[in-house]
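Notes to accompany the following structure.
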Amino acid sequence: MTPDVREREVVLPITGMTCVNCAATVERALRKTEGVSEVSVNFATERATVRLTNSVLEKADLTEVVSRVGFGVLEAEGEALEDAEAAGRRAEIADQTKKFWTGVAFAGPLFVLSMARDFALLGAWSHAPWVNWLMFALATPVQFYVGWDYYVGGFKSLRAGSANMDVLVALGSSVAWIYSVVVATALTMGSVAAGEHVYFETAALIITLIKLGKLLEVRAKGQTGEAIRELMELQPDTARVVRDGVEVEVSLADVLVGDLVSVRPGGRIPVDGMLEQGHSTIDESMLTGESMPVEKGPGDTVTGATVNRVGAFQYRATKVGADTALAQVIRLVREAQGSKAPIQRLADRVASVFVPVVIGLALATFLVWWLAVDAGFTPALIRMVAVLVIACPCALGLATPTAVMVGTGRGARMGILFRSSEALERARQVDIVVLDKTGTVTKGEPVVHTVHGANGNDAELLALAASAEMRSEHPISLAVLAAARNRGLEVQEPSSFEAVVGRGVTATVQGVDVLVGSRRLMTENGIDTAALDPEEARIEALAQTPLWVAQDGHAIGLLSVADALKDGSREAVGQLRAAGLRVVMLTGDRETTARAVAAEAGIDEVIADVLPDGKAEAIKLLQETGVVAMVGDGINDAPALAQSDVGIAIGTGADVAMEAADVTLMRGDLRSVPLAFELSRATMRTIEQNLFWAFFYNVVLIPVAAGTLYSFAFLPMMLRTLHPILAAVAMAFSSVSVVGNSLRLRRATLASEKTFGGLRS
Amino acid sequence: MTNKTVTAPSISCGHCVATIEREVGELNGVEEVKAEQVAKTVKISWDPDTTDWVVIEELMTEIGHPPVG
């Protein structure tokens with residue numbers, strides 16, 4: 001690439017910045033570099049914009065400058081889309097895959113060789129020392145390459161004062177391997193003092209099978225970084241700013257506080273500010289969850305990333321970069337995701353009890369045979385080793401991942417997507433379910449509730465209002481039109497029509513002047529409303545919006561409009577409460593509106609008037625009293641979803657919400673929520689059963705390994721002193737039991753599924 | 001040798017600590033710099049014959065971490 005020596009601009013995606021000071025550090029380092037004329041580093045978008053004048057600097061030089069102060073530059077712009085977390089996850093999958101197949105490549109032939117010898121298929125070679133050494137050659141790479149992670153994980157766990165699954169695997173397989181090396185050496189030297197059997201294939205198989213479980217697990221693990229990227233994409237890349245009286249297009253990072261920003265109809269608002277000139281309606285649904293556009297005029301605040309609908313306006317930027325509301329949401333999501341404590345896996349909890357018990361039993365075996373039975377030091381040692389080897393359950397690694405795989409598959413068929421296995425495990429522990437109001441409990445769009453004609457002429461009133469509203473695209477107009485059509489009323493094309501911003505519509509329908517809209521529209525047109533005032537008061541008491549209709553200068557009736565409850569919301573709340581969960585509704589709406597909706601849905605507990613950034617805080621408070629699941633759909637819910645123990649996003653909502661959540665419901669119906677919890681319980685039950693089967697055969701064989709059957713001379717020798725074939729049989733049986741039990745989950749009956757017809761499709 | 005411990009309220013992450021230690025440490029006459037992320041303090045030892053506190057203070061301000069006290 002020939003360097004361009006004229007003035008040019010380079011944009012670098014920076015990694016590793018954790019605070020605004022970091023951005024300042026990067027900026028300073030670049031500014032000091034010769035050839036750089038201008039630098040601006042945006043912390044929220046993680047971009048450095050560098051202007052170069054008469055410089056031969058290349059991207060690599062700038063990368064070096066950035067890395068010298070402790071940060072990184074992503075290589076290709078495309079890579080910027082993938083955060084470090086996703087890359088780390090990919091690397092882990094690749095690593096685990098490589099290790100697993102290495103394990104298969106070595107343990108497979110080893111198993112065949114060992115079985116062939118146990119079933120006396122090797123003839124004269126059976127007792128040849130080189131067979132043992134061939135097994136050693138096959139087992140060793142598995143032990144120390146494939147199994148290395150268990151040593152690392154086990155060591156960490158022991159240092160933290162507990163014994164997890166890794167300890168068990170590392171201990172069991174190492175004992176088998178070390179003992180086998182000793183036996184092989186002794187046999188080569190012609191001595192059977194250390195025993196006759198080697199357990200190389202037991203060690204290798206345990207490691208490989210558990211590695212399979214690990215591989216399944218890392219592949220199922222969810223990503224968390226996407227949410228932030230989605231949020232960043234809500235910001236436009238450029239803004240139209242008035243500089244020296246001329247409107248110019250500048251990149252978002254160059255918008256300064258105090259700039260006059262110009263927004264066109266349909267455009268996205270770049271940064272936060274205060275409107276100075278013009279009027280418009282703005283769709284703020286991505287921040288507030290409220291689908292109804294908001295009217296804005298001079299003096300009103302506008303928020304970056306919201307969408308301008310109809311008017312053009314100019315506003316003064318008050319907050320840019322990391323200070324904008326969107327940047328705050330991004331920060332909240334980041335913080336919440338980072339703070340989520342990992343759950344202790346059930347398998348690890350079992351192991352933490354099992355490991356000390358097994359070690360105790362092994363020691364007891366040794367002491368009893370050595371001191372009480374007086375069988376001699378070496379035979380006692382051999383029995384102790386046998387106990388440790390047989391105790392390591394190789395199906396343990398399969399118990400959780402196989403059940404989770406089947407469980408998530410079952411969920412996916414029902415439209416419930418668990419993004420991580422932890423979400424599936426954690427959902428069972430939920431005590432409190434928090435439901436967002438708009439778009440979650442309710443449809444999030446207005447619906448006509450009641451029609452009240454002054455003369456009882458309801459149908460006529462609705463038909464007239466619908467005709468007048470016919471050409472308007474306002475959500476309220478659409479609701480009126482839908483209500484008229486649902487009742488089979490005839491709607492007339494108006495001969496003239498005008499939308500009055502923030503008020504309603506005026507139209508002429510078949511020669512009649514019709515006004516539909518707010519009380520203000522009526523008073524501004526000199527219409528007497530007195531006769532219908534009591535009706536308006538009644539509607540407002542129900543927290544609904546009154547919509548006035550006037551004909552030829554006289555008020556003829558009122559419609560009430562409100563956000564309607566979704567189908568199934570009430571039933572879902574009932575099911576959740578029946579399951580013993582506390583149900584709370586969380587909303588930014590006024591208390592009265594919220595109470596009205598909550599009462600209709602059967603919810604007693606309401607947290608209303610919550611500011612957009614207060615939702616995560618509210619969740620945090622509830623978390624002090626129990627495990628919290630949050631159900632929401634908007635971008636404003638993203639921090640709360642990330643903060644909650646189990647974030648559940650409604651699939652019809654914002655992509656960001658889904659990315660921040662642990663579970664996504666593909667159907668907007670709340671009845672999926674109790675179903676998701678039930679599926680979680682069923683899966684966890686399966687995991688528990690799996691753990692039982694994983695340990696069962698091994699536990700049964702511990703007494704055999706300990707030599708308790710030794711004195712029964714009529715038993716086959718295989719049972720009197722542990723033979724490696726028994727270890728192999730235990731592994732085979734427990735693995736088959738575990739996988740079979742997991743598959744059963746595919747057909748398990750879920751109670752809430754029955755009441756939720758059509759969900760299967 | 002002169003020692004001084006100051007507070008830099010702007011310290012918010014490990015990068016800030018590294019930046020202060022690197023930049024101040026490069027200053028001629030400064031013998032040792034130790035920044036603490038949690039306490040938000042910076043401990044500096046310097047040779048008063050070579051440099052002056054004013055110079056250090058200026059540098060810290062320039063790199064975005066002005067000292068207090």
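To find a chain, count down the sequence lines: A is the first, B the second, and so on, and within it residues start at 1. Any value given below was found using the heavy atoms of this structure, including those in side chains, with hydrogens, waters and symmetry copies removed.
- Pairs of residues two or more places apart, or lying in two chains, that qualify as salt bridge (charged side-chain N to carboxylate O under 4.0 Å, His left out) and include a residue from residues 45-62 of chain B are Arg28(A)-Glu62(B).
- Residues passing the salt bridge (charged side-chain N to carboxylate O under 4.0 Å, His left out) test with Glu64(A), sequence neighbours excluded: Arg68(A).
- Residues of residues 20-30 of chain B that come within less than 4.5 angstrom of chain A, heavy atom to heavy atom, are Arg22(B), Glu23(B) in numerical order.
- The side chain to side chain contact (heavy atoms under 4.5 Å, CB included) check on Arg51(A) picks up Glu7(A), Glu9(A), Ser37(A), Glu38(A), with sequence neighbours excluded.
- More than 12 heavy atoms of other residues, nucleotides or ligands sit less than 6.0 Å from atom NZ of Lys40(B).
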